[in-house]
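Scroll down for the structure; my scribbles are underneath it.
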Amino acid sequence: MNRRRRTRWIAIIMVCVLLISGCSIWPGQDDSASSKKVTLTLWYWNRSIDDKLIARAKEKFPNIELTAQKIGGDFKAKLKTTLAARSGEPDIVALNDWIMELFPSEDRFYNLYDLGASEVEDQYLPWKWKQGVTPNGQMIGFPMDTGPTALFYRADLFKEAGLPSEPEQVTRQIDNWDAYAAAGEQIKEKFDGKVFLTDNIGSVYSQVLSQSTERYFRPDGSFIGMDSPAVRKSWDMAVAFKEKGLLANADGWTPTWNAAMNNGEIASFVGAVWMKQVLQEAAPDTSGKWRVARAPGGDGNNGGSFLSILKSSKHPKEAFELIRWLQSPENQLEQYQTLNLFPSAPGVFDTPAMKEEEPFFGGQATGPIFAESAQHVPEAFFGERYPSVHNIITRRLNDIAKQNADPQQVWSDTVHRVERELQR
Amino acid sequence: MAVTEPRTSPESGPFQPDLDRQKSLWARIWEHRALYVAISPFYILFAVFGLFPIAFSLYLAFHKWDGIGVMTYNGLNNFKYMLTDAEFWQAVGNTFMIWIYSTIPMLFFALIIAFLLHAPFIKFRTLFRVGYFLPNVTSIVAVAIIFGALFANNYGFLNYLLQSVGLPVVEWLNAPWGIKIAISSMVVWRWTGYNAIIYLAGLQSIPQTLYEAAKIDGASAVQSFFRITIPMLRPVILFTVITSTIGGMQLFTEPQVLVGNDGGAGAAGMTIVLYLYRESFINNYFGYGAAVGWGMFLIIALFSIVNWKLVQGKSS
């Protein structure tokens, strides 16, 4: 009997150990029992916050026990899984430009306005600030870096083709997409079609669209329609670039793109400030030949991130103080110097650190160009379905560029596909 | 007769009274609880990571869920959308084409390799076996990146070879068939050795006496290959066809790494699982993704049965 009972207990314990080891159902340390330190967990991805800044935050806030976790792999998927599981959520989390996908779940985040965010609102770019506010007026994301766009171009190739090559001249003379396309035709002719004006059709479409005040949805969530002037204009321009033979069909983030840049087959592209880093790593052999001018057609923004506080956090006040300090204008400036993260606080745009000459760009100080661009980014509403609609359109454009599909046919297919998507 | 018959079955015989049968199921389980506890870890893990997700995905297939918010009942709408979605059917078509492009050469080469490895004149056999099996333990992501460099449109190794012999460049990754060939060749490269090892095991189990008898009767090598080797290998071939059917229908990493979440130009590399992944994890239609998973289950089941009938064919 005794042996039997022991066996039973061993069995029960074994089963419990197996169950518990799989999931973390242990409650966190009781705050009152331990010291008075507040424990905060921060999730971020590599190069979104400088590790040295996090180390300094730990000194600056002795009352906060900060656990900063660099989440590798698919950050968004991990965050969503954690939110769905309602367990093991961090206190503070960095969100990328897909922040709008989380707007329907705004109740899972603290409204930063309730924690005093409005005190610092005037220190940040208004369009950036609004990207962190849901249509219901809940502010779930605090501005981190931004991605103002400009025209990256090869001054040597422009000059050889008889085009203006100084940044001021380029900004002045190539100030709209038609002039830019005409420049492309001149380059194509001069180099016998061996040099293309720009990289790919999706980038033309997205950049034209990013300069407009409209995307696909109104702030009330309704669909503007595929015949919205902004969408039509971007589509037509992208197709025109393909028909004029100005595209190298090199997709971003591929070895092909890197090679085309490094071999001088692409003379220019409109891209965000963070493309500086990407370009320098992709095309080391072209160092000194690139310049940056204001983008044709106006300024826009690509990407940029935010910091949020999850509702599950027990210490939102401390978390907000920490966020506010991490993203203070001074610290954003420091992040610009260490990680090339472009500040969303225009107050620091005028500092010498933002005007440093860059050898890769032939000694040009590109900072002021992007600073000017950042201050003129048009405000636009995205909506939570922006990514899926945008993706459908750019995907279809690729069929035109790479498979010579009939643009008219592809357009009507795309309209149909987007309508179907919205009915889901 | 039936009334008086004891509950023990006649097969168990008088020396196996099988008294257990007279007790209820639970009583029997209780009696052997120590054994059940000993085997429980597998069942617990399977219930948590296998059974529950399967059951949950069936539930999810009838709901609309963005992965975080509230689930709402969606009836059969997910399935309706799937059946009327041109992209889904394209993914099904792509998957089958890639399966055909890859499985036929793969099993053909595997058989030849196995036959050669089995031949008595081959030296360093173990070395070859290890060599052929190595691709199978290589990381798929690494393989896909290397194949991406081989097939790249502008600076790819294949195009370099074509150019150096004066042939025109092929834009592999812009053409629908090019993408499919690139993906298939990855599958062939990775799985031919694996199947060859399985065929080799099959070959080794064929009694040598059959070949000797055939030789005495004057059969040629080709005749004994088609009359002895192939029929004797039939169960092994059936096994490889079924496993490569299941594997081929579940193709994901190769296209995802090679051409991205949207399946590349013209969605030519969009497979069913890649479609499922994109709809769930990129577009956040988790309910729909679950429905696609069940659609895929049906397709694989049907297709496996068809294959089984075809390959087993006349022998049964």
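So that the names make sense, note that chain A is the first sequence line, chain B the second, and so on, each numbered from 1.
Contact annotation for Arg385(A): only side-chain heavy atoms (C-beta onward) come within less than 4.5 Å of a heavy atom of chain B. Heavy atoms closer than 4.5 Å to chain B are found nowhere in Asp251(A), neither backbone nor side chain. With a 4.5 Å cut-off on non-hydrogen atoms, Glu265(A) touches chain B through its side chain but not through its backbone. Using a 4.5 Å cut-off between heavy atoms, Glu101(A) touches chain B through its side chain atoms alone. Contacts between Asp74(A) and chain B at a heavy-atom distance below 4.5 Å involve the side chain alone, from C-beta outward. Using a 4.5 Å cut-off between heavy atoms, Asn284(B) contacts chain A through its side chain alone, with no backbone atom that close. Neither the backbone nor the side chain of Ile145(B) comes within less than 4.5 Å of any heavy atom of chain A. Heavy atoms of Arg417(A) lying under 4.5 Å from chain B belong exclusively to its side chain. The parts of Thr256(A) that come within reach of chain B are both its backbone and its side chain, each placing non-hydrogen atoms under 4.5 angstrom from that chain.
When every heavy atom of Gly69(B) is checked against every heavy atom of Ser105(A), the shortest pair comes out as N-OG, 4.3 Å. For the pair Lys80(A) and Ile68(B), the tightest heavy-atom approach, listed with the atom from each and the gap, is CG-CD1, 3.9 Å.
Looking only at heavy-atom pairs under 4.5 Å with chain B, the residue among Ala259(A), Ala84(A), Ser388(A) that has the most is Ala259(A). Of the listed residues Gln423(A), Lys76(A), Arg395(A), Lys402(A), the one with more heavy-atom pairs under 4.5 angstrom with chain B than any other is Arg395(A). By number of non-hydrogen pairs under 4.5 angstrom with chain A, the leading residue of Asp85(B), Asn78(B), Asn261(B) is Asp85(B). Ranked by heavy-atom pairs under 4.5 Å with chain A, the first of Ala86(B), Ala267(B), Pro176(B) is Pro176(B).
For CZ of Phe157(B), the number of neighbouring non-hydrogen atoms (other residues, nucleotides, ligands) closer than 6.0 Å is 12 at most. Heavy atoms from other residues, nucleotides or ligands lying under 6.0 Å from NZ of Lys244(A) number more than 12.
Asp262(B) CG to Asn398(A) CG: the interatomic distance, rounded to the nearest 0.5 Å, is 8.5 Å. Between the CG atom of Asn249(A) and the CG atom of Asn174(B) there is a distance of 6.0 Å, given to the nearest 0.5 Å. Going from atom CD1 of Ile282(B) over to atom CG of Asn391(A) covers 8.5 Å, rounded to the nearest 0.5 Å.
Using a distance-only test at 3.5 Å, with no hydrogens or angles considered, no donor-acceptor pair links the side chain of Arg424(A) to the main chain of Asn77(B).
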Original post:
Which is it for Glu384(A) and Asp66(B) under the side chain to side chain contact (heavy atoms under 4.5 Å, CB included) test, yes or no, and what are the steps along the way?
Top reply: CA-CA 11 Å; Glu384(A) 76 239 30; Asp66(B) 69 353; over 6 Å; no
